[in-house]
Q: 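Have a look at this one before I ask anything.
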Amino acid sequence: MRDSSPPLDEVLARFGGKAMFSSLDFTSGYWQVSLHRDVRKYTAFVYDGRTYQFCVVPFGLNISNTAFQQALESVLSNQTEVDVDEALDDLHIYVDDVLVSSTSFNDHLCRLRLLFKKIAVSGMTLKFSKCKFFRDKTKFLGHIITPSGMSMDPSKLQAVHDFPVPRNKKDLQSFIGFCNFYRKFADHHASLIGPLINLLKKGVPWQFTENDLSNFNSVKSAFTERFLAHPDFNSDFYLQTDASNLGLGDELFQINTSSERQTIGFVSRTLNSAEENYTVTELELLSIVFACNKFRVFILGYPIHVLTDHQALTFLFRCRLRNARLTRWTLVLQEFDLRIQHISGPSNITDVLSRNPIGRDATAGQYRSPYIFITTPSKLFSEHQSHIQAFNHILSEQRRDERIRKVIDVLSGSSWVLTAITARYCMYRDILFYRRHLSSDKWLVCVPLHRVNELITKFHIHFGHVGPKKCISAIRDVCFFRGLSGNVRRIVKSCDLCQRAKFSTVRTEGEMQNVLATAPLQRVCVDLYGPLPSGWNHVKYIFVVLDCFSRFVRLFPIKRSTAVVVTHRMINDYVAIHGTPKTVVSDQFVSRVWQARLTAIGASVTTTSVYHPQSNPSERVMRELGRLFRTYCHQNHTEWPRYVKYIEWVLNHTVYEATGFTPSEIFLKEDRYSPIYEAVECPPKPADDYTVKLTMAAEVQRTKAEERRIRHDRQGKPTKFSIGDEVLVRTHNSSSAVDRQIKKFFMLYEGPYNIIEVKNHNAYVLNDPVTNQVRGTFNVIFLRKYVRLKTTIAQ
């Protein structure tokens with residue numbers, strides 16, 4: 001709050017008898033004021049992973065203006081001359097406006113010289129292009145100041161004075177409603193508005209004559225004398241805003257002690273071509289930004305109640321914005337003390353200004369229709385022309401089709417069959433047509449059989465590679481040939497581009513294969529969890545090792561996810577303690593170091609299918625890790641290394657549904673732990689037979705696996721491929737801002753590839769027929785059967 005600022009009337013009263021005026025503007029004024037080292041930390045922000053802080057007063061804070069004003073007053077009140085007090089009496093500082101006034105040219109020159117000297121001593125600079133010197137008229141605090149007196153700034157009422165001429169009854173009704181809301185400010189309002197109201201009567205045709213225009217201008221002029229009020233800086237400001245698809249409209253007002261609305265100013269403007277594409281929320285916020293800039297001299301540093309009929313803006317300063325434009329405008333508004341409130345649409349009187357902004361009629365000739373028209377680009381149009389030429393070529397070959405030629409010969413001859421033929425067929429301009437019903441007036445072009453494939457293909461491409469149903473509908477409406485539906489489905493199904501670009505409507509799924517281990521260390525799965533926030537000892541990853549039979553898990557925090565590190569952990573920290581596993585399964589470890597060292601100690605190394613982590617049981621552990629770390633580290637994410645050992649202990653000492661035992665019971669041969677045993681001593685019991693535990697755990701796993709398979713098979717029929725089949729593979733492309741590419745525009749599938757080997761029913765090894773190189777092993781869910789076009793035409 002700027003409580004030290006003098007009242008507006010007192011400031012304006014100092015210009016009596018002044019004949020010369022100069023306004024000054026500082027170069028990036030806020031940045032010329034240094035911040036004390038102790039407070040710089042409060043302006044800190046993070047960019048590109050590094051922290052920065054301001055050394056000068058930043059723009060965009062609601063305290064920046066107060067800091068600048070205090071610094072400016074300190075600079076200009078520095079006593080360096082004897083007559084400084086007299087000279088600075090004619091220096092007027094309000095917010096960031098600095099105005100020098102004098103009674104004569106020489107006196108004005110003297111004051112400017114003194115002022116420039118003080119500014120030079122302080123080290124501050126002025127922006128010459130924005131300074132105005134030796135003017136006999138100037139604009140200051142919403143008033144026009146001249147040697148003869150002061151007048152209200154006309155721009156504050158320009159939105160009312162330049163209200164466009166009504167085009168219809170709806171426009172006139174909006175204007176009358178606006179005037180009635182402010183009728184107390186106009187003399188003889190009822191008598192002035194009466195002739196315009198008569199135009200709205202029911203049954204009166206719309207016409208706006210010269211006499212009506214004169215009455216319309218008289219109503220606008222009636223607001224000139226008594227409309228605007230002076231701002232009272234001891235009262236809150238209210239800013240009522242609205243936006244439409246035509247323009248912006250805003251009003252600044254205050255509420256006096258009698259609860260009456262005191263209007264300070266109106267502003268409105270039309271939208272430019274770019275703004276017409278903004279969303280509703282962006283337009284409503286743009287209206288607030290526009291009003292704050294227009295009324296900045298009044299509202300900066302004071303609380304402002306913003307009234308809007310767009311409720312989404314009430315959450316503006318409390319939600320996380322993902323729209324860059326809204327984020328920029330929100331930062332601009334940070335220097336204002338805004339309190340956004342929602343009001344109902346009918347109570348927002350500025351709606352009239354936004355729908356009838358200044359300059360509305362100037363842009364009336366421009367196209368503003370909300371309808372969408374689709375035009376064909378010239379490049380595509382040339383391709384479509386080639387399709388049309390192909391259609392002409394197809395139809396010109398009707399006589400080459402034996403069946404069509406016989407009909408044409410019958411129509412051209414004289415025979416008793418003629419009547420029966422003409423009931424269905426006719427010749428028009430040397431083209432044979434057919435109709436499906438005797439009473440139909442719709443004639444269809446007969447397509448020669450040897451051109452059916454080409455015609456369907458052209459239709460399919462011409463209409464943007466539509467599906468079979470839409471393609472059938474487009475062809476059936478104008479063409480006739482036997483087997484239309486079957487042939488269209490055959491052609492569309494075999495379209496190479498469609499197979500690559502379209503999602504499959506049939507879910508591809510293989511048989512559920514349960515790869516079960518029968519003893520500890522028979523099958524071990526490994527994976528990496530991370531990267532995570534750098535914690536104690538700069539660790540960022542967790543190397544996870546899971547025994548598939550017992551579900552016993554080991555968690556090893558590591559700094560780097562390199563093959564050397566994970567191999568060292570596997571051999572020195574897992575194998576050395578628990579023994580060598582028979583098979584080690586991973587979904588991403590393909591390093592030669594990893595494979596060579598594990599093979600050397602007698603372990604078989606294998607990988608899961610590409611992009612199919614479901615085949616790796618350690619993924620279930622990953623989900624549990626996420627849950628446990630969220631439970632314990634949600635307040636301080638870098639504390640996760642402290643909980644790794646505890647989480648490992650929890651996972652190994654809780655009963656798994658898949659085995660019926662805890663992992664420690666099966667893998668480490670330990671007794672089941674319970675915290676109650678530490679408080680209560682239970683009677684002794686005979687030791688459990690470990691062999692029985694293994695047998696029971698194996699049986700439980702088989703039973704659970706069979707239940708999962710039955711549930712899976714109920715969902716649908718599994719897809720199977722054979723060696724030699726041609727398939728497409730689902731792509732996994734990523735967007736790249738550098739290459740200006742987005743993954744949504746990439747083809748969904750690539751290929752075709754040949755299947756050369758079947759692994760475990762659901763995994764297939766693919767070979768590139770062009771390069772004769774192995775493409776990789778893929779799960780069936782990423783494959784799609786490739787269909788080649790069959791030349792046989794169904795009749």
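Scope of the values below: all heavy atoms of this structure, side chains included, with no hydrogens, waters or symmetry mates. For clarity, every value in this text was computed on a predicted model and none was experimentally measured.
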Q: For Ser259, what residues pass the side-chain hydrogen bond (donor to acceptor under 3.5 Å, both in side chains) criterion, not counting sequence neighbours?
A: none
Q: Atom CG of Leu248 and atom CG of Leu283: how far apart are they, to the nearest 0.5 Å?
A: 7.0 Å
Q: Taking the side chain as every heavy atom from C-beta outward, state whether His310 and Val280 have any pair of such atoms under 4.5 Å apart.
A: yes
Q: Evaluate the side-chain contact (heavy atoms from CB on, under 4.5 Å) criterion for residues Phe336 and Arg296: first the C-alpha distance (whole Å), next the side-chain angles of each, then the deciding distance (0.1 Å), finally the verdict.
A: CA-CA 9 Å; Phe336 300 98; Arg296 186 174 185 272; 4.0 Å; yes
Q: Just checking, any donor-acceptor pair under 3.5 angstrom between side chains of Asp212 and Thr209?
A: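 Side-chain D/A pair, Asp212 to Thr209: present.
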Q: Which distance, rounded to the nearest 0.5 Å, do you find between the CG of Leu285 and the OG1 of Thr308?
A: 9.5 Å
Q: Which heavy atom of Thr241 sits nearest a heavy atom of Ala291, and at what distance?
A: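 Closest approach of Thr241 to Ala291: CG2-CB, 4.5 Å.
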Q: How close do Cys292 and Leu333 get, heavy atom to heavy atom, and via which atoms?
A: SG-CD2, 3.9 Å
Q: For the residue pair Phe237 and Pro303, establish whether any side-chain heavy-atom pair is separated by less than 4.5 Å.
A: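 No. Closest side-chain heavy atoms not under 4.5 Å.
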Q: Answer yes if the side chains of Ser287 and Asp250 hold a donor-acceptor pair under 3.5 Å, and no otherwise.
A: yes
Q: Got Leu239 and Phe295 here, is their nearest side-chain heavy-atom distance under 4.5 Å?
A: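 Leu239 reaches Phe295 side chain to side chain.
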Q: Atom CZ of Phe216 and atom CD of Glu210: how far apart are they, to the nearest 0.5 Å?
A: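 Those atoms lie 13.0 Å apart.
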Q: OG1/Thr327 to CZ/Arg325 distance, rounded to the nearest 0.5 angstrom?
A: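 If I round to the nearest 0.5 Å, the distance is 11.0 Å.
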Q: Are Met20 and Asp136 packed together at the side-chain level, in the sense that at least one heavy-atom pair is separated by less than 4.5 angstrom?
A: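 In short, these two side chains do not touch, never coming nearer than 4.5 Å.
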Q: Under the 3.5 angstrom rule, does the side chain of Trp206 hit a backbone N or O of Arg167 as a donor-acceptor pair?
A: yes
Q: For the pair Glu282 (side chain) and Thr279 (backbone), establish whether a donor and an acceptor sit closer than 3.5 Å, ignoring hydrogens and angles.
A: yes
Q: Taking all non-hydrogen atoms of both residues, which atom of Gln262 and which atom of Asn256 are closest, and how far apart?
A: NE2-ND2, 2.8 Å
Q: Kindly confirm or rule out a cation-pi arrangement of Arg261 over Phe253, judged by NZ or CZ under 6.0 Å from the six-membered ring centre and within 45° of its axis?
A: yes
Q: Using a 4.5 Å cut-off on heavy atoms from C-beta on, say whether the side chain of Thr27 contacts that of Gln32.
A: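 Answer yes - side chains close enough.
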Q: If you count every heavy atom of other residues, nucleotides or ligands that lies below 6.0 Å from Trp31 atom CH2, does the total exceed 12?
A: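 Counting neighbours around CH2 of Trp31, 12 or fewer heavy atoms of other residues, nucleotides or ligands fall under 6.0 Å, so no.
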Q: Working to the nearest 0.5 Å, report the span between CZ of Arg135 and OG of Ser23.
A: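 One finds 7.0 Å between CZ of Arg135 and OG of Ser23.
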Q: So do the side chains of Phe208 and Leu199 get within less than 4.5 Å of each other, counting heavy atoms only?
A: yes
Q: Would you check if the side chain of Glu284 reaches a backbone N or O of Thr281 as a donor-acceptor pair within less than 3.5 Å?
A: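 No, the answer is negative, given that no donor and acceptor are paired below the 3.5 Å cut-off.
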Q: Can you list the residues that meet the side chain to side chain contact (heavy atoms under 4.5 Å, CB included) rule with Lys540, with sequence neighbours excluded?
A: Ser534
Q: Apply side-chain contact (heavy atoms from CB on, under 4.5 Å) to the pair Leu196 and Leu172, showing each step before the final yes or no.
A: CA-CA 8 Å; Leu196 298 178; Leu172 181 58; 4.3 Å; yes
Q: Minimum heavy-atom separation for His637 to Pro533, with atom names?
A: CB-CG, 3.9 Å
Q: Assess, by modelled atom type and distance only, whether the side chains of Asp236 and His305 contain a donor and an acceptor separated by less than 3.5 Å.
A: yes
Q: Kindly indicate whether the side chain of Ile119, heavy atoms from C-beta on, has any atom under 4.5 Å from the side chain of Leu115.
A: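 With C-beta onward as the side chain, the pair touches.
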Q: Between Phe21 and Val100, is there a side-chain heavy-atom distance shorter than 4.5 Å?
A: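 No; the side chains remain at least 4.5 Å from each other.
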Q: For the side chain of Ser102 and the backbone of Ser104, is there at least one donor-acceptor N/O pair under 3.5 Å apart?
A: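 No; judged by distance alone, with no hydrogens or angles, the pair does not exist.
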Q: Would you say Ser22's side chain and Phe134's backbone share a donor-acceptor pair under 3.5 angstrom?
A: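 Yes, the answer is positive, given that a donor and an acceptor are paired below the 3.5 Å cut-off.
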Q: Check residues 33-45 and write down every donor-acceptor pair under 3.5 Å in which the side-chain atom is one partner and the other belongs to a residue at least two apart or another chain.
A:
{"from": "His36", "atom 1": "ND1", "to": "Asp38", "atom 2": "N", "distance (Å)": "3.1"}
{"from": "Arg40", "atom 1": "NE", "to": "Leu35", "atom 2": "O", "distance (Å)": "3.0"}
{"from": "Arg40", "atom 1": "NH2", "to": "Leu35", "atom 2": "O", "distance (Å)": "3.2"}
{"from": "Thr43", "atom 1": "OG1", "to": "Arg40", "atom 2": "O", "distance (Å)": "2.8"}
{"from": "Thr43", "atom 1": "OG1", "to": "Phe54", "atom 2": "N", "distance (Å)": "3.0"}

Q: Atom CD of Gln240 and atom CD of Glu251: how far apart are they, to the nearest 0.5 Å?
A: 6.0 Å
Q: Kindly determine whether Phe133 and Leu112 satisfy side-chain contact (heavy atoms from CB on, under 4.5 Å), including the steps that lead there.
A: CA-CA 9 Å; Phe133 300 104; Leu112 286 177; 4.1 Å; yes
Q: Hey, mind stepping through Leu126 and Phe116 against side-chain contact (heavy atoms from CB on, under 4.5 Å) and telling me if it holds?
A: CA-CA 9 Å; Leu126 298 173; Phe116 292 158; 3.7 Å; yes
Q: Go through the side-chain N and O atoms of Asn636 and Thr638 and say whether any donor and acceptor fall under 3.5 Å apart.
A: yes
